[in-house]
Every structure is written in structure tokens, then in C-alpha cells.
2 protein chains.
Amino acid sequence: MSGTEAIRVGPGFAAEFPGAAASAVEAAANLVRAANVLMDEIQRGRAPLAPLSPSAFEALAVLDGAGEPLPSHVIADRLLVSSASMTSLLDTLERRSLATRLPHPTDRRKILVDITDEGRRIVDEMLPIVHATATAAFRGLTQDERQLFIELLTKLRRQVSEMAAGEPTRPRARRKPRTA
Amino acid sequence: MSGTEAIRVGPGFAAEFPGAAASAVEAAANLVRAANVLMDEIQRGRAPLAPLSPSAFEALAVLDGAGEPLPSHVIADRLLVSSASMTSLLDTLERRSLATRLPHPTDRRKILVDITDEGRRIVDEMLPIVHATATAAFRGLTQDERQLFIELLTKLRRQVSEMAAGEPTRPRARRKPRTA
DNA sequence: TATTGTTATACTCTATAACTATA
DNA sequence: TATAGTTATAGAGTATAACAATA
């Protein structure tokens with residue numbers, strides 16, 4: 001029963017942060033919170049099958065979907081993780097016999113990552129759970145609402161991508177400006 | 001220029017996962033991805049001020065906003081972290097002199113967490129950056145779109161809360177059912 | 001008995017930089 | 001020179017279970 005209301009900023013927000021848009025801050029807060037609770041619920045659904053971290057599951061899902069071994073950096077790009085994190089992740093997957101490193105046939109700097117039968121078995125059991133959880137979570141939204149939702153998220157993501165290519169955003173004024 | 005298209009499932013999705021709704025899975029994927037890139041961009045904005053983890057920043061923001069010392073479990077509830085994680089987080093904040101533990105005046109099982117002047121100084125510098133980043137990120141959405149976006153997120157979150165109170169979601173059929 | 005918080009353990013993930021090998 | 005990946009280091013977060021103190 002708790003925590004099901006929209007997150008809203010306090011009444012003094014506009015006065016305290018003159019350059020900021022309350023609706024944008026609220027949208028951001030609700031976005032992050034919703035993503036977190038959804039991820040937690042998905043995690044709860046697949047945890048009983050195997051203790052796989054979100055990154056480990058996502059990597060296996062990418063490999064399973066690709067249907068062929070992939071270079072390490074391709075997976076890293078999809079997961080938005082650094083090459084060092086990818087190395088660590090591959091170590092974990094190999095230790096559990098869920099994936100293997102193969103030499104790249106033509107470029108000896110690269111490696112190919114292949115999913116094992118065990119890895120495929122586990123991810124094939126998890127994917128229906130993940131999809132069922134997502135399906136249940138969006139039960140309350142109509143088809144049109146879902147499409148609109150995706151469009152809004154994509155618009156947001158496009159904007160953030162542009163921002164990420166430049167300097168970090170700075171506030172217009174650090175302190176409340178004196179009335180002119 | 002990459003990664004700015006909506007995430008969509010493949011053409012074989014409906015056949016492979018009969019019980020799942022493609023639009024729901026797509027909505028979930030786009031939601032999580034958008035939340036991640038936004039968090040990363042916000043992190044990038046405030047990292048130069050102090051190397052504060054998202055949890056540490058959020059805890060300080062809660063304390064700053066409350067204007068008074070709070071019991072540890074109140075902060076843990078807000079951040080959706082366990083009591084053990086909260087202990088670890090408080091250790092970090094105390095080590096950096098950003099927060100302090102105080103004895104609770106009436107209930108000796110509890111502690112009160114107070115923000116230090118240094119903690120307040122840092123969070124007061126970070127908040128305008130966070131708000132400016134959120135404001136810029138949602139620049140492309142109208143007021144109406146933002147309100148609708150928040151409503152959809154809240155509807156989703158309410159549904160997930162209900163799900164989280166029960167058994168984990170299971171798929172209807174593990175394998176493709178034979179045609180009857 | 002239930003609640004609050006700590007401790008202990010072990011693992012995962014991250015960031016950064018230096019490094020090797022290869023292209 | 002640039003790219004792919006590893007290593008080393010350090011830190012932060014997580015989950016879990018056992019535990020002490022208090023209500």
C-alpha cells in the first residue's frame with residue numbers, strides 16, 4: 001500500500017531551484033524508481049533458477065539471441081559496460097560454465113564469446129519468466145499507452161544521448177539571483 | 001547516433017513466447033535502458049564535485065530535505081535498501097564526515113542519522129546540477145507529456161507493488177504447447 | 001516475540017590506469 | 001597510432017544469516 005503514489009517535489013521547489021522544471025525532476029524521479037522496482041521484481045522471478053546478476057543474465061540473453069559467438073566488445077556495447085567490467089563478467093560466466101572464450105579466427109586481438117549448453121538452458125528457462133513478469137507489470141496500460149510510453153522513453157533517451165556527447169549540464173545560477 | 005532508436009523485440013517473438021506481450025517487454029526494456037542512461041548522465045554531472053555513489057547522494061538528499069535527523073530505517077525505506085546495506089552506507093558517509101550517527105532519544109534500539117555541514121554543502125551544490133540535468137533531459141517533452149509520463153510510470157509501479165506482495169510471476173507455458 | 005541495527009562472509013560490479021598483443 | 005582485451009587496485013554495493021540489544 002505504501003509508495004504507490006507519484007513522486008512529487010515539495011511546494012518550495014520552484015523558489016529554491018529557479019532554473020529547474022518541477023515536472024522534469026518529478027518525471028526523472030518516477031522513471032528511476034519505476035525502473036528499479038520492475039528490475040527487482042524481474043530479479044525475484046528468475047533468482048530461484050540461478051543466482052545470476054542482471055549483467056550476467058543480459059549477457060547470456062544477448063548471446064542466446066545472437067545465435068552465434070560474439071566479440072567481447074559487442075556485448076560490452078550492448079550492456080553499456082567498460083571493457084574491464086566485461087572481462088570480470090566473462091570470468092564469472094566462465095567460472096560457472098555458462099559461457100566460454102574462443103579465439104577470434106581472423107583478428108587475434110579479439111576473442112569470441114560463446115554460450116554453453118548449460119548457459120542456454122538457464123537463459124531459456126529465465127526468458128519466459130522475465131517476459132511474463134513484464135507482461136504482468138504492464139497489464140494496466142493499453143496498447144496505445146504502451147506505444148506512447150515507448151515513444152516518450154525514446155525521445156528522452158535521444159535527448160540524453162545528445163547531452164552525453166557534450167559537456168555535463170550546469171545549472172544557470174548556483175544561488176538564488178537577487179531580484180533585478 | 002547509435003542507440004537512439006526504440007528497443008524492439010524480434011519478429012519471432014510472438015511465436016517463441018506465446019503468453020508474453022511484445023509491447024510490454026519492449027516497454028520494460030526501454031524503461032530500464034532510459035533510466036540507466038539518465039542516471040549515468042546525472043552521475044557524470046555531479047561526479048566532479050565529489051565521488052558520491054547514487055545511494056550516498058540519495059541518502060544525503062533525503063536528510064537534507066528532511067531538515068532533521070532521521071532514523072536509519074526511514075532512510076533505508078526511502079532508498080529501498082536492506083538494513084545491512086544501510087549500515088554499510090552509513091559507515092561510508094561517516095568515514096567521509098558527511099553524516100553522523102546520534103543516539104535516538106527515546107528508543108534505544110534506534111539511531112538517528114544527521115547530515116553534517118560538509119554533507120549539506122556538497123548536496124546543496126549537487127542538487128542544482130541534478131535538477132538542471134533532469135530539466136534538460138526532458139526538454140523534448142511537453143508539460144502534458146510529462147504529466148502523462150508520470151501517470152503511466154505510477155500506474156506501472158502500482159501494479160508491480162501488487163505483484164511484489166504475492167508469488168513471483170510464472171509463465172503460463174514453459175514450452176510451446178502442441179496444437180490441440 | 002518483534003524490531004532495530006550490527007557483524008561476518010562472500011560475491012558482484014564499478015572505475016581507473018597501466019599494460020600486452022595485435023592491427 | 002589505434003584497438004581489444006587483461007591485469008591490478010581499490011572501493012562500493014548486495015544478499016544472507018547470525019547476532020545483540022531493546023521494545
Side-chain angles (χ1 to χ4, degrees), chain A residues 32 36-37 39-60 69-96 98-114, chain B residues 32 36-37 39-44 46-60 69-96 98-114 168:
Chain A
V32 171
N36 281 342
V37 299
M39 281 295 290
D40 285 352
E41 181 63 12
I42 289 174
Q43 178 89 359
R44 188 171 77 100
R46 58 178 181 67
L49 294 187
L52 234 51
S53 71
S55 293
F57 167 72
E58 206 179 339
L60 289 183
L70 294 177
S72 174
H73 70 276
V74 170
I75 308 173
D77 285 349
R78 291 267 212 112
L79 270 58
L80 303 184
V81 300
S82 69
S83 64
S85 294
M86 197 61 216
T87 295
S88 163
L89 181 54
L90 289 180
D91 289 346
T92 301
L93 291 175
E94 274 203 326
R95 181 162 29 81
R96 298 199 196 162
L98 303 176
T100 55
R101 288 172 165 100
L102 305 174
H104 192 284
T106 64
D107 189 333
R108 290 168 59 190
R109 290 174 306 181
K110 300 182 184 176
I111 60 167
L112 288 179
V113 183
D114 198 8
Chain B
V32 171
N36 282 341
V37 299
M39 282 295 290
D40 285 352
E41 181 63 14
I42 289 173
Q43 178 88 0
R44 189 171 75 101
R46 58 177 181 68
L49 294 185
L52 234 52
S53 71
S55 294
F57 168 72
E58 206 179 340
L60 289 183
L70 295 176
S72 175
H73 70 277
V74 171
I75 307 173
D77 285 349
R78 292 268 212 111
L79 270 57
L80 304 183
V81 300
S82 68
S83 64
S85 294
M86 196 62 215
T87 297
S88 163
L89 180 54
L90 289 180
D91 290 345
T92 300
L93 290 175
E94 274 202 325
R95 181 161 29 81
R96 298 201 196 161
L98 302 176
T100 55
R101 288 172 165 99
L102 305 174
H104 192 285
T106 65
D107 189 335
R108 288 168 57 190
R109 292 174 306 180
K110 301 181 185 176
I111 59 165
L112 289 179
V113 183
D114 197 9

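Order of the sequence lines fixes the chain letters, A, B, ..., with proteins taken first and strands second; residue numbering starts at 1 for each chain.
The local environment of CZ in Arg78(B) is sparse, with at most 12 non-hydrogen atoms from other residues, nucleotides or ligands closer than 6.0 Å.
Minimum heavy-atom separation, Arg96(A) to Pro51(A): NH1-O, 2.8 Å. Heavy-atom minimum distance, Gly45(A) versus Pro168(B): CA-CB, 4.0 Å. In plain terms, the two heavy atoms of Leu112(B) and Pro69(B) that are nearest each other are CB-CB, 4.0 Å. Summarising the geometry of Val113(B) relative to Ala99(B), their closest heavy-atom pair is CG1-CB, 4.2 Å, with the distance given to 0.1 Å.
Between Arg101(B) and dT6(C) there is a side-chain N or O to OP1 or OP2 distance below 4.0 Å. For Ser85(B) and dT14(D), the shortest distance from a side-chain N or O to OP1 or OP2 is below 4.0 Å. For Ser83(A) and dA4(D), the shortest distance from a side-chain N or O to OP1 or OP2 is not below 4.0 Å.
Atom CD of Gln43(B) and atom C1' of dA15(C) are 11 Å apart (whole Å). In this structure, CZ of Arg44(B) is placed 12 Å from P of dT16(C), rounded to the nearest angstrom. The nearest whole Å value for the distance from the CG atom in Asp40(A) to the C1' atom in dT14(D) is 11 Å. With rounding to whole Å, Arg108(B) atom CZ is found 14 Å from dG5(C) atom C1'. Here dT14(D) presents its P atom at 12 Å from CG of Leu90(B), a figure rounded to the nearest Å. Atom P of nucleotide dG5(C) and atom CG of Leu79(B) are separated by 14 Å, given to the nearest angstrom. Between the CG atom of Leu52(A) and the P atom of dT14(D) there is a distance of 18 Å, rounded to whole Å. Remark: C1' of dT22(C) and CD1 of Ile111(A) are 14 Å apart, rounded to the nearest angstrom.
Checking Ala84(B) against Arg95(A), the closest nucleotide of DNA chain C that is more toward the 5' end is the one next to Ala84(B).
Distance from the side chain of Val81(A) is smallest to dT14(C) among dT14(C), dG5(D), dA12(D). Side chain of Asp107(A), nearest nucleotide from dA23(C), dT7(C), dT12(C): dA23(C). For Lys110(B), taking side-chain heavy atoms from C-beta onward, the closest of the listed nucleotides dT4(C), dA15(D), dA15(C) is dT4(C). Closest to the side chain of Arg96(B), out of dT6(C), dT14(D), dA12(D), is dA12(D).
Distance OG1/Thr100(B) to CG/Leu90(B): 10.0 Å, rounded to 0.5 Å. Between the CE atom in Met86(A) and the OG atom in Ser83(A) there is a gap of 10.0 Å [rounded to 0.5 Å].
Within residues 70-78 of chain B, no residue has any heavy atom under 4.0 Å from DNA chain D.
With hydrogens and angles ignored, a donor-acceptor pair closer than 3.5 Å exists between the side chain of Arg109(B) and the base of dT3(C).
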